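Computed from a predicted model, the values in this text were never measured in an experiment.
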Amino acid sequence: MLKAHAVDINGNQMEPPIDLYIYVIDMNDNRPEFKNQVYNGSVAEGSKPGTSVMQVTAFDADDSTTANGLVHYRILSQTPHIPIPNMFTINGATGEISTIAAGIDREKVSQYTVIVQATDMEGNLNFGLSNTATALISISDINDNPPELDSKTFLGEVPENAVGVVVANLTVRDKDQPHTPNWNAVYRITGGDPLGHFTIRTDEITNDGRVIVVKPVDYERNGAFMLMVVVSNQAHLASGIPSSPSSSAGVTITVLDVNEAPVFPSNPKIIRFEEGVPADTTLATFAALDPDRFIQQTIRYSKLSDPANWLKINRTNGRITTTAVLDRESPYMKKNVYEATFLAVDNGSPPATGTGTLQIYLIDVNDNVPVLVPQEALVCERSRHGYPVNITASDLDSEPNAGPYVFELPSYPSSARRNWTISRLNGNYAQLKLRIPYLEAGMYRVPILVSDSGNPPLSNTSVLKVKVCPCDENGDCTVIGAVTVAGLGTGAIITILICIIILLSMVLFFVVWVKRREKERQTKPLLIDPEDDVRDNILKYDEEGGGEEDQDYDLSQLQQPESLDHIMSKPAGVRRVDERPVILESQYPVRPTVPHPGDIGEFITDGLRAADNDPTAPPYDSLLVFDYEGSGSTAGSVSSLDSSSSGEQDYDYLNDWGPRFKKLADLYGGGGED
């Protein structure tokens with residue numbers, strides 16, 4: 001669209017502008033373009049002709065009002081050609097694909113590939129431009145194939161009393177798509193198992209049915225089972241399918257006989273007796289039955305658990321007798337029941353063992369006297385102070401052989417009723433208090449007669465230890481009163497206090513003495529002269545010299561040379577390796593004149609450390625160098641000493657030196673006899 005203007009040479013408008021419209025005439029220069037190169041669709045198998053499957057769409061950029069932009073669709077090919085080459089048709093104007101023939105079966109063809117062509121110029125193949133796309137049509141499954149069992153009869157076997165084991169495997173075929181409701185099998189037992197001993201579980205992978213025992217089976221009652229089994233799919237069979245939706249078969253299961261354990265008919269077996277049953281009393285016969293009725297076997301009995309060791313069982317007939325008196329108050333009783341466990345073992349192969357429990361309920365009898373509670377009490381010496389003592393009783397028996405209790409003061413000794421009185425609070429409690437206004441402080445033993453409510457009742461005289469003491473205004477026993485009650489007089493108390501003071505004084509004196517001794521040790525010098533202290537000094541001895549027999553040796557080799565010049569001048573390789581290194585000697589720590597005794601160990605440690613680190617100290621990792629000890633010994637030669645002597649010597653004094661010198665005294669003593 002243009003706008004035209006008419007002006008003169010000077011640019012003046014000569015007339016109003018006008019609009020010029022230029023129309024572009026379309027030419028067929030664009031091919032139809034599909035939105036997708038591949039389209040995916042699906043249709044159920046068995047669909048009727050005319051069922052819509054999917055729609056493809058192509059766009060043409062040319063003028064849609066002319067033949068250049070009008071697109072027409074058609075199907076070029078179909079793969080595979082089953083059951084016929086033209087199973088589908090397409091609407092030329094809209095591109096909708098639908099079925100045109102019957103017989104679509106997923107079990108034969110699961111997917112079709114259709115090539116669709118779009119052509120402009122209203123589909124004129126001579127003048128129009130074309131383009132193609134692919135349509136993938138998947139065939140969805142329907143339940144048009146019921147499951148079929150591979151056999152009409154299946155066999156299996158199961159040991160009796162076994163639970164949870166697979167006894168038979170049912171195989172099935174189904175042509176529908178695996179692992180879908182149209183393929184999944186559902187098994188049902190329709191007959192032959194009225195008590196529900198078996199069930200069938202579907203294997204999720206193979207779709208087979210596994211017959212499993214859920215309740216134990218008894219060979220003696222039923223040696224075989226004939227089960228009727230029906231299998232169907234989870235999904236209902238599609239309408240119009242001319243076949244049964246299920247398949248059936250028979251399953252024969254044989255029960256195998258095994259050796260079963262003996263069974264106690266009454267387990268647990270409960271019996272009732274009064275306590276106090278004497279030993280060697282027969283309580284009951286606890287016999288077991290052998291379920292294996294078709295085999296004659298012998299049962300032997302033994303005891304498994306008998307906490308109090310009260311019972312024994314006859315090995316052959318199971319008769320139970322007592323070995324001790326049965327006591328209800330025993331700690332092994334639980335809620336008046338004593339429990340023991342017994343075993344019954346047959347002689348099968350292998351032997352089987354059954355367990356039975358015997359519960360003995362013991363009826364209480366009045367065989368325990370009541371005991372006073374508490375055993376000790378505290379009372380003020382004046383009756384107007386303090387509080388009375390609450391007393392009760394304890395009885396191992398149970399009702400009605402226990403409370404209510406009767407509390408009485410006996411007539412003997414007479415002081416009991418003269419000084420004390422008992423008042424009843426209720427059936428189980430009473431109060432003890434002073435009858436007289438004042439009772440001297442001390443420890444009193446008050447006898448109290450307690451009777452229970454048994455038939456006949458049992459009585460017991462218990463002694464209550466009552467501490468009578470002076471009390472304060474609040475009724476509490478004072479400290480002096482408590483000591484007095486304990487039986488200590490004034491003299492004893494004073495003696496104890498004096499002993500405590502003496503003991504503390506001795507401890508204080510010892511501590512002061514130790515402190516003073518430590519202080520003196522730190523300031524006082526050693527008791528001996530430092531030169532005589534040989535704990536870390538080197539003793540110096542005089543030269544001993546040599547004897548006559550030592551003069552033949554060249555002693556110059558042992559002397560230390562006066563100078564090292566002749567050694568240092570030797571060539572390499574000739575110098576002796578055992579010579580002293582020519583370096584400065586290490587400085588050793590100097591010991592103080594008067595050291596503290598505690599510093600001696602530290603001094604020795606420092607000297608040892610310096611010696612270990614001194615390279616000039618011998619040995620020098622070689623042969624040791626010995627010095628000549630000198631000549632002219634003041635001791636003279638010892639070579640002339642002779643063990644024999646012509647003179648007489650008295651060795652009798654050796655007998656006075658003790659048993660260690662007895663042998664020497666025997667050799668040299670009593671020279672006249674030798």
Side-chain angles (χ1 to χ4, degrees), residues 268-281 283-284 305-311 320-340 357-379 386-413 415-417 419-435 443-467:
K269 183 181 181 64
I270 302 175
I271 58 177
R272 300 170 65 92
F273 281 91
E274 286 189 352
E275 67 170 325
V277 176
D280 296 328
T281 301
L283 299 182
S305 172
D306 183 12
N309 199 23
W310 285 347
L311 308 174
I320 297 176
T321 56
T322 60
T323 58
V325 177
L326 306 187
D327 186 8
R328 192 197 67 88
E329 289 74 34
S330 169
Y332 299 104
M333 299 291 298
K334 296 181 179 179
K335 297 181 179 181
N336 300 334
V337 175
Y338 180 76
E339 187 172 282
T357 301
L358 178 66
Q359 294 181 345
I360 306 174
Y361 184 90
L362 294 181
I363 303 171
D364 183 41
V365 297
N366 193 17
D367 58 347
N368 292 278
V369 297
V371 179
L372 188 67
V373 178
Q375 299 293 326
E376 296 181 354
L378 191 65
V379 175
Y387 306 95
V389 179
N390 292 330
I391 59 176
T392 184
S394 173
D395 197 327
L396 296 177
D397 294 324
S398 60
E399 301 294 339
N401 296 320
Y405 303 103
V406 177
F407 301 91
E408 298 176 300
L409 291 172
S411 58
Y412 181 84
S415 59
R417 294 188 177 182
N419 297 335
W420 306 94
T421 181
I422 293 179
S423 58
R424 182 184 179 92
L425 293 179
N426 53 40
N428 295 325
Y429 288 89
Q431 282 187 343
L432 175 70
K433 56 185 177 181
L434 284 174
R435 178 185 293 272
M443 179 67 73
Y444 294 86
R445 299 172 62 87
V446 181
I448 299 177
L449 181 63
V450 185
S451 302
D452 59 23
S453 299
N455 185 19
L458 295 180
S459 301
N460 177 38
T461 300
S462 300
V463 177
L464 177 63
K465 297 179 181 179
V466 181
K467 298 178 182 179

- Flag side-chain contact, heavy atom, 4.5 Å: Glu329 against Asp367: yes

- From Leu283 CG over to Phe273 CZ, what is the distance, rounded to the nearest 0.5 angstrom? 4.5 Å

- Task: Any chance you could measure Lys269, atom NZ, to Thr357, atom OG1, to the nearest 0.5 Å?
- Result: 12.5 Å

- Item | Heavy-atom pair with the smallest gap, counting every atom of Tyr405 and Ser394 | OH-C, 4.3 Å

- Item | CA sep, side-chain torsions, deciding dist, call: Asn366, Asn455, side-chain contact (heavy atoms from CB on, under 4.5 Å) | CA-CA 7 Å; Asn366 193 17; Asn455 185 19; over 6 Å; no

- Task: Name all residues meeting the side-chain hydrogen bond (donor to acceptor under 3.5 Å, both in side chains) criterion together with Asn401; count only those two or more places apart in sequence or in a different chain, and write none if there are none.
- Result: Asp364

- Query: Under the side-chain contact (heavy atoms from CB on, under 4.5 Å) criterion, do Ser415 and Tyr444 qualify, and how do the steps go?
  - Reply: CA-CA 10 Å; Ser415 59; Tyr444 294 86; over 6 Å; no

- Message: Please report the interatomic distance CD1(Ile360) to CD1(Ile270), rounded to the nearest 0.5 Å.
- Response: 11.5 Å

- Message: Using a 3.5 Å distance criterion without hydrogens, assess whether the side chain of Asp452 forms a donor-acceptor pair with backbone atoms of Pro370.
- Response: no

- Atom pair CE/CD of Met333 and Glu339 - distance to nearest 0.5 Å: 11.0 Å

- Can you see which heavy atom on Pro374 is nearest to which on Asn390, and at what distance? CD-O, 3.7 Å

- Query: Given side chains that start at C-beta, do those of Ser462 and Ile448 come closer than 4.5 Å, heavy atoms only?
  - Reply: no

- Item | Nearest-0.5 Å distance, CZ of residue Phe407 to CG of residue Asn428 | 7.0 Å

- Item | Residue pair Val466 / Trp420, side-chain heavy-atom distance below 4.5 Å | yes

- side-chain contact (heavy atoms from CB on, under 4.5 Å) between Leu409 and Val446, intermediate numbers included: CA-CA 8 Å; Leu409 291 172; Val446 181; 4.1 Å; yes

- Note on the structure: Between Pro404 and Arg424 the two heavy atoms that sit nearest each other are CB-NH2, 3.9 Å

- Quick one: does Arg328's side chain have a donor or acceptor within less than 3.5 Å of a partner on Leu396's backbone? yes

- Task: Report the C-alpha distance between Asp397 and Asn368 in whole Å, list the side-chain angles of each, state the deciding distance to 0.1 Å, and finish with yes or no for side-chain hydrogen bond (donor to acceptor under 3.5 Å, both in side chains).
- Result: CA-CA 6 Å; Asp397 294 324; Asn368 292 278; 2.8 Å; yes

- Could you tell me whether a side-chain N or O of Thr322 sits under 3.5 Å from a main-chain N or O of Pro278, the two making a donor and an acceptor? yes

- Message: Any non-hydrogen side-chain atom of Ser453 less than 4.5 Å from a side-chain atom of Pro400?
- Response: no

- Heavy atoms only: give me the nearest Val371-Gln375 pair and the separation to one decimal. CG1-NE2, 3.8 Å

- Query: If every non-hydrogen atom of Lys433 is compared with every non-hydrogen atom of Pro388, which pair is closest and at what distance?
  - Reply: CB-CB, 3.9 Å

- Is the closest side-chain heavy-atom distance between Leu326 and Glu275 below 4.5 Å? no

- Query: Side chain of Tyr338, backbone of Ala308: donor and acceptor closer than 3.5 Å?
  - Reply: yes

- Find the distance between CG (Asn309) and OH (Tyr332) and round it off to the nearest 0.5 Å. 9.0 Å

- Close side-chain approach of Arg435 to Asn419, heavy-atom, < 4.5 Å: no

- Message: I'd like to check Pro307 versus Lys334 (side-chain heavy atoms, cut-off strictly below 4.5 Å). Are they in contact?
- Response: no

- Query: Between Glu408 and Ser459, is any pair of side-chain heavy atoms under 4.5 Å apart?
  - Reply: no

- In chain order, what residues pass the side-chain hydrogen bond (donor to acceptor under 3.5 Å, both in side chains) check against Glu274, with sequence neighbours excluded? none

- Task: Begin with the C-alpha distance, continue with both residues' side-chain angles, and end with the deciding distance and a verdict on side-chain contact (heavy atoms from CB on, under 4.5 Å) for Thr461 and Leu449.
- Result: CA-CA 4 Å; Thr461 300; Leu449 181 63; 3.4 Å; yes

